[in-house]
Amino acid sequence: MVPVLEARALTKEYARGRLPVTVLRGVDVQVHPSEFLAIMGPSGSGKSTLLHILGALDQPTGGEIRFEGQLVPEWGREPGATEFRRRRLGFVFQSFNLVRSLTARENVGLPLILQGAPASVVERETEVWLKRVGLWDRRDHYPYELSGGEQQRTAVARALVHNPALLLADEPTGNLDSANGLQVLDLLERVCREQGTTVLLVTHDPVAASRADRVVYLRDGRIVDEWEQGRDWTRSMRVQHTLSRLQHLVEGEAS
């Protein structure tokens with residue numbers, strides 16, 4: 001099966017003064033169709049940088065990226081990157097990033113409008129996704145009239161309304177309380193399991209990571225561990241397995 005996204009020997013350096021700072025050091029990672037993949041790591045490990053590069057929001061310093069099996073030499077380079085993201089990727093961020101002057105319905109329909117979709121398609125798909133995330137009755141409310149959980153569910157609907165090949169979520173529960181965070185995680189897991197949406201999640205939260213089929217752990221810009229979690233496992237089993245692997249990593253760092 002051809003990966004949706006594959007990075008080989010990925011590196012990233014930033015110039016700070018006269019000395020470069022290396023954030024990613026030869027990362028190899030694949031994201032498979034209909035997979036829920038989580039990327040974990042301590043602060044400064046490079047996980048957000050990796051997500052930004054995999055989401056074509058930034059360019060790598062070295063290495064190569066293939067999308068649906070095709071090498072993309074200009075990955076992350078404008079002006080093509082914006083159009084590529086708009087058509088093929090969906091994003092959910094910690095800070096929601098909704099347009100405050102637009103209603104929930106207008107926010108969700110925005111990706112289709114930017115693609116030039118007919119009004120009938122925008123209307124139909126917007127209704128479908130607002131109902132899927134349980135917000136059809138809040139469709140005419142503005143972001144400031146919605147709770148944090150409702151805003152994030154609106155953001156998930158907006159990220160999926162144009163049927164992207166890959167959904168990238170960067171700490172999507174970071175600004176939510178535990179109850180709303182669980183609702184968002186349930187939603188991400190459901191669209192992956194039931195609709196076959198490929199999900200890439202960056203998180204520091206082991207409960208969030210336990211929802212994934214596979215977890216990649218970064219430290220100092222390198223992948224130092226990786227493990228799989230069965231879809232037939234209970235939620236408790238997945239949480240315990242994730243915590244056990246993380247404990248092993250912490251003990252290794254301390255030794």
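To the nearest 0.5 angstrom, T22 atom OG1 is 11.5 Å from Y14 atom OH. The OH atom of Y217 sits 13.0 Å away from the CD1 atom of I39 when rounded to the nearest 0.5 Å. Distance check, rounded to the nearest 0.5 Å: CH2 of W129 to CG of L160 gives 4.5 Å. Between the CD atom of E64 and the CG atom of L10 there is a distance of 10.0 Å, given to the nearest 0.5 Å. To the nearest 0.5 Å, atoms CG (L201) and NZ (K47) are separated by 11.0 Å. A distance of 14.0 Å separates CD1 of I223 from CE of M40, quoted to the nearest 0.5 Å.
Taking the charged nitrogens against the carboxylate oxygens, D186 and R211 do have a contact shorter than 4.0 Å, which makes a salt bridge. A salt bridge does not link E83 to R85: none of the charged nitrogens lies less than 4.0 Å from a carboxylate oxygen. With respect to D58 and K12, a salt bridge is recorded, a charged nitrogen being found less than 4.0 Å from a carboxylate O. At a threshold of 4.0 Å, the pair R25-D220 does not count as salt-bridged, since none of the basic side-chain nitrogens sits closer than that to a carboxylate oxygen. A salt bridge between R88 and E68 is present, with a side-chain N of the basic residue lying under 4.0 Å from a carboxylate O of the acidic one. Ion pairing between a basic and an acidic side chain is recognised when a charged N comes within 4.0 Å of a carboxylate O; E189 and R238 show such pairing.
Heavy-atom minimum distance, L188 versus A169: CD1-CB, 4.4 Å. When every heavy atom of R153 is checked against every heavy atom of L187, the shortest pair comes out as CG-CD2, 4.1 Å. The two residues A104 and L146 make their nearest non-hydrogen contact at CB-CD1, 4.3 Å. Residues F67 and L5 approach most closely at CD1-CD1, 3.9 Å, considering heavy atoms.
Within the 4.5 Å cutoff, the side chain of R66 has heavy atoms near those of the R8 side chain. R158 has its side chain within reach of L98: a pair of non-hydrogen atoms, C-beta onward, lies under 4.5 Å apart. Side-chain contact between T198 and C192 is absent, with no heavy atoms from C-beta onward closer than 4.5 Å. Between R86 and P111, the closest side-chain pair of non-hydrogen atoms is not below 4.5 Å. Side-chain contact between P172 and Q94 is absent, with no heavy-atom pair separated by less than 4.5 Å.
Under a 3.5 Å cut-off, the side chain of T11 and the backbone N or O of G62 do form a donor-acceptor pair. With E171 contributing its side chain and F93 its backbone, the two residues share no donor-acceptor pair below 3.5 Å. Judged by distance alone, with hydrogens and angles left aside, the side-chain atoms of N107 form a donor-acceptor pair with the main-chain N or O of T103 at under 3.5 Å. Distance alone, capped at 3.5 Å, is enough to place a donor-acceptor pair between the E145 side chain and the Y142 backbone. D213 places no side-chain N or O within donor-acceptor distance of the main-chain N or O of E35, the cut-off being under 3.5 Å. Side-chain atoms of S34 come within 3.5 Å of backbone atoms of G196 as a donor-acceptor pair (strictly under, hydrogens ignored). For E194 (side chain) and V191 (main-chain N/O), no donor-acceptor pair under 3.5 Å exists by modelled atom type. In this structure, the side chain of T61 engages the main chain of E13 through a donor-acceptor pair within 3.5 Å.
Side-chain contact of D205 with T203: a donor-acceptor pair under 3.5 Å is absent, judged by distance alone. Defined by atom type and a distance below 3.5 Å, a donor-acceptor pair is missing between the side-chain atoms of S210 and Q229. No side-chain donor-acceptor contact under 3.5 Å links E150 and T154. With no hydrogens or angles considered, no side-chain donor-acceptor pair links H248 and R245 at under 3.5 Å. Between the side chains of S147 and Q151, no donor-acceptor pair of N or O atoms lies under 3.5 Å. In summary, the side chains of H162 and Q115 do not present any donor paired with an acceptor at a separation below 3.5 Å, with no hydrogens or angles considered.
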| query | Run the side chain to side chain contact (heavy atoms under 4.5 Å, CB included) check on S48 and D170 step by step: do they pass? | reply | CA-CA 7 Å; S48 288; D170 191 0; 3.7 Å; yes
| request: For side chain to side chain contact (heavy atoms under 4.5 Å, CB included), just list the numbers for T242 and W227, CA-CA rounded to whole Å, side-chain angles, deciding distance to a tenth of an Å, and then say yes or no. | output: CA-CA 9 Å; T242 301; W227 62 91; 4.2 Å; yes
| said: Before you tell me yes or no, could you show the steps for W233 and H241 under side chain to side chain contact (heavy atoms under 4.5 Å, CB included), namely the whole-Å CA-CA distance, both residues' side-chain angles and the distance that decides it to 0.1 Å? | reply: CA-CA 10 Å; W233 295 3; H241 183 68; 3.7 Å; yes
| Please walk me through it: do L110 and V99 pass side chain to side chain contact (heavy atoms under 4.5 Å, CB included)? | CA-CA 10 Å; L110 192 57; V99 180; 4.2 Å; yes
| request: Show your reasoning for whether side-chain hydrogen bond (donor to acceptor under 3.5 Å, both in side chains) applies to E78 and T82. | output: CA-CA 7 Å; E78 298 297 351; T82 295; 2.9 Å; yes
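Linking Ile, Leu, Val, Met, Phe, Trp and Tyr residues whenever their side-chain heavy atoms come within less than 4.5 Å places F84 and L166 in a single cluster. At a threshold of 4.5 Å between side-chain heavy atoms, the hydrophobic network of Ile, Leu, Val, Met, Phe, Trp and Tyr places L54 and V215 in two separate groups. Cluster membership check: V156 shares its hydrophobic cluster with V122, using side-chain heavy-atom separations under 4.5 Å among Ile, Leu, Val, Met, Phe, Trp and Tyr. Hydrophobic clustering, with ILVMFWY side chains joined whenever heavy atoms are under 4.5 angstrom apart, groups L200 together with I65. Both V133 and L167 are assigned to one and the same hydrophobic cluster, defined by single-linkage of ILVMFWY side chains at heavy-atom distances under 4.5 Å.
In Q70, the CD atom is not crowded: 12 or fewer heavy atoms of neighbouring residues, nucleotides or ligands sit closer than 6.0 Å.
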